[in-house]
S.K.: 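Quick one: structure below, then a few questions.
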Protein chains: 2
Amino acid sequence: MNISAASKAAALPVKTVRYYADIGLVQAPSRSDAGYRTYDDASVRKLVFIRRSREFGFTIEECRELLGLYQDQDRTSSEVKRIASKRLEEIEEKQRELQSLHDELAHLVTSCRGDQRPDCPIIDYLG
Amino acid sequence: MNISAASKAAALPVKTVRYYADIGLVQAPSRSDAGYRTYDDASVRKLVFIRRSREFGFTIEECRELLGLYQDQDRTSSEVKRIASKRLEEIEEKQRELQSLHDELAHLVTSCRGDQRPDCPIIDYLG
DNA sequence: TCTTGACCTTCCAGTTACTGGAGAGATTAG
DNA sequence: CTAATCTCTCCAGTAACTGGAAGGTCAAGA
């Protein structure tokens, strides 16, 4: 499989697939005589694993850890759970943050008439 | 006021205050004989305005627009409301995204025993 | 007066996770 | 054989700062 086939199979941009090897997140793929990267199903599975992890918002470093655990038959589920719980807490923190931003901003937007006149509670609040 | 006094008054790091002038978000402050930046109350008010806008998650470019409206006596509140509504929609979009991530991840974390054994629904899901 | 420490300056580099593009070689279909 | 499509490497840019080095300035105390 050349890189574009692997990229389609993993649903990741070609650039990103190259990038993940550059930073050592996945093993550097073998090369054809012409120097083209060649991928097999196992590498594609790892790329998919990374894509899904990234979609959950895990950082590249966390993906590195998770991928390590994925490939480690002797992992303990507690290690995985620790990383996932941490991410879950971050998500919850962000949710609380967004909720209070939302409420405040929604209130301001509602109270702004949005007409041709200059008086504006949003500006008043910010200034 | 030297930069550290202004930075304290605006509750922004010194580096950030300098940065905002570098990118032309606020007017370049006047300088003392020694080349020190000097700030007055009006500049501090603008810095505070920017800090609050940033706290709402407006981008620097949006802050530039908002600051322009703040200083424009002839603004219309509809211009302000348009920018704020756009941000509000982004927040809501992000909230929906986080909610579905949260639900999925919470489900996985709950169903993972987190013990010494390797079997793990989180890894299974990602892989 | 000298010195010490706290400020201040500029400039460069690094952060995160890619993304875009230039310039050049390889491969494939017609 | 040629044109289109891949692929390669390398460099630069994104957002919004942040850290640090090297060096100038200022005020207070011995």
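Below, chains carry the letters A, B, ... as their sequence lines are ordered, and counting in each starts from 1. FYI, side chains are in, hydrogens and waters are out, and symmetry mates aren't considered; it's all heavy atoms of this structure.
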S.K.: Between atom CZ in A/Arg64 and atom P in C/dC18, what is the gap in whole Å?
M.R.: 12 Å
S.K.: Can you check whether A/Tyr20 has a side-chain N or O nearer than 4.0 Å to OP1 or OP2 of C/dA17?
M.R.: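 Indeed not, no polar side-chain atom of A/Tyr20 lies that close.
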S.K.: Going by side-chain hydrogen bond (donor to acceptor under 3.5 Å, both in side chains), name the pairs with one or both residues in residues 12-32 of chain A, residues two or more places apart or in two chains.
M.R.: A/Ser30-A/Thr38
S.K.: Decide, yes or no, whether a salt bridge links B/Glu61 with B/Arg64 under the criterion of side-chain N to carboxylate O below 4.0 Å.
M.R.: yes
S.K.: Could you state the atom-to-atom distance from CZ of A/Phe58 to P of C/dC18 in whole Å?
M.R.: 15 Å
S.K.: Between atom OG1 of A/Thr110 and atom CD1 of A/Ile122, what is the distance when rounded to the nearest 0.5 Å?
M.R.: 9.0 Å
S.K.: Could you run down nucleotides 3-15 of chain C 5' to 3' and tag each one B, S or - for protein heavy-atom contact under 4.0 Å?
M.R.: ----BSBBB----
S.K.: For a 4.0 angstrom threshold against heavy atoms of chain B, report the outermost contacting nucleotides of DNA chain D in 5' to 3' order.
M.R.: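 Result: D/dA16 to D/dC26.
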S.K.: Looking at residues 86-97 of chain B, who's got a heavy atom less than 4.0 Å off DNA chain C?
M.R.: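 None, since no heavy atom is under 4.0 Å.
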S.K.: Judged by each residue's nearest nucleotide on DNA chain D, which is more toward the 5′ side, B/Glu61 or B/Ser32?
M.R.: B/Glu61
S.K.: Roughly how far apart are B/Glu65 CD and B/Arg82 CZ, rounded to 0.5 Å?
M.R.: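 Rounded to the nearest 0.5 Å, the CD-CZ separation comes to 5.5 Å.
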S.K.: Just wondering, do A/Leu108 and B/Phe56 contact through their side chains at under 4.5 Å, heavy atoms?
M.R.: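 Contact flag for B/Phe56/A/Leu108 side chains = yes.
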S.K.: Determine whether the side chains of B/Asp103 and B/Ser100 contain a donor N or O and an acceptor N or O closer than 3.5 Å.
M.R.: no
S.K.: Which residue pairs pass the salt bridge (Lys or Arg N to Asp or Glu O under 4.0 Å) test with at least one member in residues 115-127 of chain A, sequence neighbours excluded?
M.R.: A/Arg113-A/Asp115, A/Arg113-A/Asp119, A/Asp115-A/Arg117
S.K.: Answer whether the closest heavy-atom distance between the side chains of B/Asp40 and B/Met1 falls below 4.5 Å.
M.R.: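 No, side chains not in contact.
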S.K.: I'd like to check A/Arg54 versus A/Arg51 (side-chain heavy atoms, cut-off strictly below 4.5 Å). Are they in contact?
M.R.: no
S.K.: Sorted by first residue and then second, give each ring pair (Phe, Tyr, Trp, His ring centres under 6.0 Å) pair with at least one member in residues 61-87 of chain B; sequence neighbours left out.
M.R.: B/Phe49-B/Tyr70
